[in-house]
Each structure stands twice: as structure tokens, then as C-alpha cells.
Amino acid sequence: MATSIFSNLFSFLLPPFLFFILLLHSSKNSYALQEKMSTLETKDFHLHVHFIKISSLLPSTVCNSSTKVINKKSSLEVVHKHGPCFASNQDRVNAHSHAEILSQDQSRVDSIHSRLSMNSMEEIDAVTLPTKKGVFVGTGNYLVTVGFGTPTKKYALIFDTGSHFTWTQCEPCAGFCHDQVEPIFNPSKSKSYANITCRAATCNQISAEGMQQGCSSSTCLYGISYGDSSSSIGFLAKEKLTISRSDVFPGYLFGCGQQNQLLSSRVAGLIGLGRGKFSFVSQTAKKYRKIFSHCLPSKDSSVGYLTFGPTKLPKNIMFTPMPKSFQKTPFYGLDIIGINVAGQRAPINSSVFKTAGAIIDSGTVITRLPPTAYAQFKSAFHKWMTKYPRAPPLSILDTCYDFSGYNVIRTPTVSIVFNGGINVEIDYSGVLYLRNESQACLAFAKNKDAGDVAILGNFQQKTYEVVYDDVKGRVGFAPGGCL
Ligand SMILES: *[C@@H]1O[C@H](CO)[C@@H](O)[C@H](O)[C@H]1NC(C)=O
Ligand SMILES: *[C@@H]1O[C@H](CO)[C@@H](O)[C@H](O)[C@H]1NC(C)=O
Ligand SMILES: *[C@@H]1O[C@H](CO)[C@@H](O)[C@H](O)[C@H]1NC(C)=O
Ligand SMILES: *[C@@H]1O[C@H](CO)[C@@H](O)[C@H](O)[C@H]1NC(C)=O
């Protein structure tokens, strides 16, 4: 039936492409390790270096569910889409090559950069560029499970702070549905499902929010495509969304996806936590007041969390104001001032961070820095690593070491300094990206152009509870949020 009506929308969309990530593993207790390894280091450096057991950096194929630390209501468990805690991956963890993961990360970053440069052009000429808006940046790496419908059925969805629409694969899959873990959502079996008609005002917001809009037998159609070549087309609909027993949202606007491409993972769809009218954050603003937080675990075999609403803040939280310059984009901004290596400020002129600013993104893996900032940072880092032989670059990562023959390695601590004078010390699971013991790379990369926005990626956010507060306009970081 709808196939011919969809075909116009199909032409906007690109073929599918893979996009995934593997997180590294690190030891949890540097002090215990340090004691064991005390012959390796002098005490002067105790507060400014990590000692990391190489074996702890290698991936685990078993989900460690004892890492769950959910203690707040309105919380969901977060798992990595290619880690062993997602039911679909139990027999095929680590099937993805690092070069592939990193080049897909670069595609996402390229689409963020082009989207933001389009946004600044739109301010100059909003009329001639409207169709170019319809690309979203990518689909992220982490999953939560939420309920749709009456009776409620559970679905694993990717959550992403860089996009704003929620959709799930939907029967009858008039175009195409990929394989997913749960049975596909069937609207005819839900009492609370309702299509949105083409005449409804919400239908007309679709194109204003940068998606493709269509109409089929008076049912409103949406089409969304992402920078990593994922896409979904289907009916705009209302449904009951269930986060927890006490957190139920009737009439939640979402996409009932009839033609979907979501990379290789067996995930039902996506939940968008960026800014915008359709965003989960906007639709739940009355209850959650545009506040949410997440903790991404240090290992892809551990469990983190996504928490909604103004819950009690961790005591050790550090806030930095969100710059206003990103308010009209889906992204949450940050103001980076500098980078510390082993407790000392790297010699970076902080004006290089001002040129294009910075954002935080749950879907970008590797943090991107302005070219001159990266050059200074890596040279400061390398000064601490000269005893290790160099290894060849790994895709976008150019500062790599060969640790073969070492049981324990030492790296300097790395902190990012934000406006407000806060120092966010990257967990040691977020300093090195390991292909194997003979190729471990500094897990940061440079932007191509000084005019490109810097991005705080998910690799460097690990173990922090990151709090987004879009009413007070601030982002908070609390160390030790999860394991
Ligand atoms: C699971 O995580 C806990 C907490 O970090 C740790 O103590 C335990 O050794 C881990 N178990 C496995 C099998 O890795
Ligand atoms: C929603 O709209 C589609 C397309 O018009 C139609 O096939 C389907 O039956 C509708 N579902 C409901 C519950 O109205
Ligand atoms: C930092 O860069 C700005 C702009 O290029 C320049 O005006 C300023 O003098 C520089 N500061 C230092 C300390 O080099
Ligand atoms: C690390 O990976 C590279 C590329 O696959 C391979 O050539 C090298 O032998 C590996 N080293 C070890 C120690 O496994």
C-alpha cells in the first residue's frame, strides 16, 4: 500500500553503513595496583599518574551485572550496543574492527561539523538552505530499555544526546525492518496507539524540526536520516511510553518505523535526548524539568545508567555553564579552557577553544580537539611516555605505543579544564584506546580545521555521572558515578 508514497521519502536516504565502538577495559584501583608495582615509580608522581594493568585493558566477553549501581527512581540501565550485556551480542562480541569503529566515528564527527556549519549559514540565509537540514548526526553507542503500548512491551533503544526524535520498528514493516531482539512493536495490539493525521499541527512540525514530512491516506509520515547512514521512515504516532512504574507518558510522539536501517545492532530504534520539539527531554519537561544524567561504564561488559529528572545531585558534582551559542542546535555546549597532563596545564592558548566552541556528545567516541590544542596536548602527553616504543597510528589516532612485554604501564593523568574552573580528570579507561598490547593509542584526535567545533566524546565520559540541565543551562560532572 504505502510503498509508492514512501518512495519519495526513500530518495532522500542513503544506504546503510556500520557504526560501532568497543570500549576498553582498565583496572579500577590504581592505588592497590600502585602498591604492588611500587618498584616501578617514585612517590612524587602518586597523584598524577595511572598504573594500568595491560590485561585489564583487554575486552571481556562476559557481562558483569554486579556493576549495576542504579539507586535512583526514574533510572534505566545503560549497556553498550556491542558489549556482552546486550542480549543480542552474547556470541559475537568484538566482531568489529577498530579501524571500522574509528572511521565510523569520523563520519559522525564530519556530519556534526557540517551540520553546525550549516546552522551558522542558516542564520544568514534561512530561505535557501532548508532541505540541507535533514541529516542527523548519527545513532550512538549505548542502549536503554523502555516500554511502549498497552499492554506495555519492552524495547531496547539507542539513546543519543546528538539527535532528537524517538522511533521504533513497527509492524507491518511496510518497507523493511531489520532483525531485533524483541518481537517488533505491533500498533494493532496496543490500546493506546494512535496515528497523527496530516492535518494535525504536530505533523507540520516535522519539517520545521529538520525531518522529511509526508502524508499517506491522511496519516502523517516522517522520514529521518542520520550522518552514519541509518534512517527511518514511518507513521508519526502517539503512544504510551513507560520509563518505570511511576513514570508513564501517555500520548508520547514517536515514529512507528516502517522502513528502517539501524546499522548492525539488533536494536529496535532510537530515543533522542538532544534539543528540539520532539525530543524526549522536551516531551517529558513537565515531569523531568529538562534534567537528565547518564553514567557510561568503564567497560563495555559493565552496566551504567540514564536517570531523568531533578534527583539529588552527587556531592562531588562540578558544574560548568553551557554556552548559549548552541541553543538553536540539537547539541549541548561546553566551554573548554585547557587541558592538564599529569596535573600541569599543557601550553595551549585558550583562545583556540573559543574559535568554534565545544559540545558534549554521547554518540561520538573519541574526543576531538582544535588542531593546535591537540598538537600541544599530545606532545605534553608523550613526554611521559618516552620509555615506551612507538607503534603505528590506528586510523584517526596518531599517538600510539607498543606495550608488549609490559604487565603494567604508566600514563600521566589527563584532565579537561572547563569554564567555572572545574577540572574533569579522565578515568584511566578513557586515556588509551587499545587495539592490542602492541598498539595502544592516546584516545584523542584533532579536528581537520581550526573552525570545527571540539567534541567531548563518550570514551572520555566513562565512569562520570554527567548531568544535563537545560533549564539552568549547565552541565555537571561527578566522578565515580559508575564502574
Ligand atoms: C564485576 O565487577 C565488580 C565491581 O567492579 C568486580 O569486583 C568483579 O570482580 C567483576 N567480576 C568479573 C567477573 O569481572
Ligand atoms: C495508521 O495509519 C496507517 C496508514 O494510514 C494504517 O494502515 C493503520 O491502520 C493506522 N493505524 C491505526 C491504529 O489507526
Ligand atoms: C593567544 O591567541 C590570541 C589570538 O590569536 C592572541 O591575541 C594572544 O596574544 C595569544 N596569547 C598568548 C599568551 O600567546
Ligand atoms: C596487534 O594487532 C596487529 C594488527 O592486527 C597485529 O599485526 C599484531 O601482531 C597484534 N599484536 C599482538 C601482540 O597481538
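The first residue of the sequence shown is numbered 1, and numbering continues consecutively from there. Counting starts at 1 for both ligands and their atoms, following the listed order.
For atom 13 (C) of ligand 4, the closest non-hydrogen atom of the protein is S438 OG, 3.6 Å. Closest protein heavy atom to atom 10 (C) of ligand 3: N349 ND2, 2.4 Å.
Of all the heavy atoms of R435, the ones lying under 4.0 Å from any atom of ligand 4 belong exclusively to the side chain.
Ligand 1 places these atoms under 4.0 Å from at least one heavy atom of N64: 1 (C), 2 (O), 3 (C), 8 (C), 10 (C), 11 (N), 12 (C), 14 (O). The contact set between ligand 1 and L483, taken as ligand atoms under 4.0 Å from a residue heavy atom, comprises 4 (C), 5 (O). Against a heavy-atom cut-off of under 4.0 Å, N436 is close to the following atoms of ligand 4: 1 (C), 2 (O), 3 (C), 8 (C), 10 (C), 11 (N), 12 (C), 14 (O).
Judged by the 6.0 Å and 45° rule, K153 forms no cation-pi pair with Y155.
For atom 7 (O) of ligand 4, the nearest protein heavy atom lies 4.0 Å away or farther.
Distances from atom 5 (O) of ligand 3 to the heavy atoms of S350, P347, S351 show the closest one on S351.
For H80 and Y142, the ring centers sit closer than 6.0 Å to each other. Residues F280 and F159 place their aromatic rings such that the two centres sit no closer than 6.0 Å.
A salt bridge links K354 with D335; the closest basic N to acidic carboxylate O contact falls under 4.0 Å.
The line from CD of E437 to CD1 of I54 is 7.0 Å long, rounded to the nearest 0.5 Å.
By the ring-ring contact (aromatic ring centres under 6.0 Å, His included) test, Y406 is found to be paired with Y388, residues two or more places apart in sequence or in another chain being considered.
Listed for the N447 side chain is a donor-acceptor partner under 3.5 Å among the backbone atoms of D452.
Considering backbone and side-chain atoms alike, E437 places every N or O at 3.5 Å or more from each N or O of ligand 4.
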